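First comes the structure, then the notes that go with it.
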Amino acid sequence: MPELPEVETVVRNLRNGATTTLALPGRRIQSAELLWERTLAEPTAPLFYGAIAGQRVIAVDRRAKFIVIRLDVDTLLVHLRMSGDLRVENQQEELLPHDRALILFEDGTRLVFNDARKFGRIWLVRDSGTVLGGLGPEPLEDSFTPGEFHRKLQSTRRQIKPLLLDQSFLAGLGNIYTDEALFMARIHPHTASDSLSAQQAAQLLQAIRAVLQEGIRRNGASIDWVYRGGDFQNHFAVYQRTGEPCTVCGTPIQRIVVGQRGTHFCPHCQVFTDSNPTNITN
DNA sequence: CACGAGACCTGTTCGC
DNA sequence: TGCGAACAGGTCTCGT
């Protein structure tokens, strides 16, 4: 579910407070409680309970789709996977269905991890690099240049759609924003990454940034029952628009499966080409 | 190395 | 109405 823009929205809400949650920084932890044990990826439950008590929340940040909650000594990492969510509320509130873990604060509030599908995970680690170390570059960082992107695309011959979903290649994209970005850049999801020209790579990076930024601006996308605050779902060009007219040319949007993920594209705007003339000049 | 299948889970929607 | 199948924003592991 949540992809980079949804995670960024959750992070901003936790950092500053919102209608859906109190702000997190500054609160001191009294204790923790796991309602679904497997939510905790690391360390073991007894070590987790012992280590987290007494630590104070310093800051809330995002790396890829991870929520990074920096504490006095350790770092609490949360990955929402498909259906996770976080909220901060008073401890007197009723727990909700699918609440999986609680962090209780000394001031009578608590952080709650809710996750219907139980795929989400939390880590408490001294060094966040042990969990985040394998991630690829952040697409919105200015330091990640079109030239570097093109070089990375040339380094493999994988299909572009699964490649963009690979978090070790580029961090933060998920199924929605990948389909939207490939449409905006007019690139077919089957295209071999090393057949993209420098110009196409630059266009693709520009499209990735544009869809991510619009997603963040609209507080993410809420389909199904999660992330009801977002609005981006009303502005999809291709995602979940199978059979509906392309916003550019009117051709019905097509749904195929690529890398075992539902994939939406316009067969007229996004034409598959296996060879690329600019590639010959290498 | 690249890809596909299966696993992990629950809830909603679709088709008969 | 009921019921099973298909599908869902993610990632990991295993086999070819």
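Residue numbers begin at 1 in each chain, while the letters A, B, ... track the order of the sequences. Just so we're clear, the structure is a prediction, and the values are computed from it rather than from any experiment.
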Mind calculating the distance between CG (A:D85) and C1' (B:dG11) to the nearest angstrom?
16 Å
With sequence neighbours left out, what residues match A:R126 under side chain to side chain donor-acceptor pair (under 3.5 Å)?
A:D74
Can you check the distance between C:dG2 and B:dC9, where both ends of the measurement are the C1' atom (answer in whole Å)?
24 Å
Can you give the dot-bracket line for DNA chain C, using ( ) for pairs inside the strand, [ ] for pairs that cross earlier ones, | for pairs with another strand and . for unpaired bases, where Watson-Crick and G-U count if both distances are under 3.5 Å?
.|||||||.|||||||
Which residue pairs pass the ring-ring contact (aromatic ring centres under 6.0 Å, His included) test when at least one of the two sits in residues 124-144 of chain A, sequence neighbours left out?
A:F144-A:F149
The criterion is ring-ring contact (aromatic ring centres under 6.0 Å, His included); which residues satisfy it with A:F272, sequence neighbours excluded?
A:H188
Roughly how many Å is it from CZ in A:F169 to P in C:dT11, rounded to a whole number?
16 Å
Sort me out a list of protein N/O and nucleotides 7-9 of chain B N/O pairs below 3.5 Å, or just none if empty.
unit_1	atom_1	unit_2	atom_2	d
B:dC9	OP1	A:R38	NH1	2.5
B:dC9	OP2	A:R38	NH1	3.4
B:dC9	O2	A:R117	NE	2.8
B:dC9	N3	A:R117	NH2	3.2

CD of A:Q240 versus C1' of C:dA6: gap in Å, rounded?
13 Å
To the nearest Å, how far apart are A:R261 CZ and B:dC3 P?
15 Å
Could you tell me which residues satisfy salt bridge (Lys or Arg N to Asp or Glu O under 4.0 Å) with A:R110, sequence neighbours excluded, listed by chain and number?
A:E89
Picking from B:dC3, C:dG10, C:dC7, the nucleotide nearest the side-chain atoms of A:Q159 would be B:dC3
CZ of A:R158 versus P of B:dC3: gap in Å, rounded?
6 Å
Give the nucleotide from the list B:dA2, C:dG10, B:dT10 with an atom nearest to the side chain of A:H98.
B:dT10
Would A:T247 and A:F236 count as a side chain to side chain contact (heavy atoms under 4.5 Å, CB included) if you check the C-alpha gap in whole Å, the side-chain angles of each, and the deciding distance to 0.1 Å?
CA-CA 10 Å; A:T247 54; A:F236 292 157; over 6 Å; no
What does the list of N/O pairs under 3.5 Å between the protein and nucleotides 14-16 of chain B look like, with a distance for each?
none

Could you pull out all residues at least two apart from A:Y177 that satisfy side chain to side chain donor-acceptor pair (under 3.5 Å)?
A:E6
Not counting sequence neighbours, list each pair that qualifies as a ring-ring contact (aromatic ring centres under 6.0 Å, His included) and has a residue in residues 107-127 of chain A.
A:F66-A:W123
Describe the nucleic acid contact of A:Y177 in one word from base, sugar-phosphate, nothing, applying a heavy-atom distance below 4.0 Å.
nothing
For nucleotides B:dA5 and C:dA6, find the distance between their P atoms and express it as a whole number of Å.
14 Å
For A:Q199, all residues meeting side chain to side chain donor-acceptor pair (under 3.5 Å), sequence neighbours excluded:
none
Any side-chain to backbone donor/acceptor pair from A:S193 onto A:T156? Under 3.5 Å, distance only.
yes
Roughly, in whole Å, what's the span from NE2 in A:H79 to C1' in C:dC12?
12 Å
Take the protein atom CZ of A:R255 and the nucleotide atom P of C:dC7, then report the distance between them rounded to whole Å.
6 Å
How far does the P atom of B:dC8 sit from the matching atom of C:dC3, given to the nearest Å?
26 Å
Quiz: residues 29-48 of chain A side-chain donor-acceptor pairs under 3.5 angstrom, not counting sequence neighbours:
unit_1	atom_1	unit_2	atom_2	d
A:T39	OG1	A:W36	O	3.0

Can you tell whether the side chains of A:D99 and A:R87 come within less than 4.0 Å, N to carboxylate O?
yes
My understanding is that only residues two or more places apart in sequence, or in another chain, count here; which of them pass side chain to side chain donor-acceptor pair (under 3.5 Å) with A:E8?
A:R12, A:R62
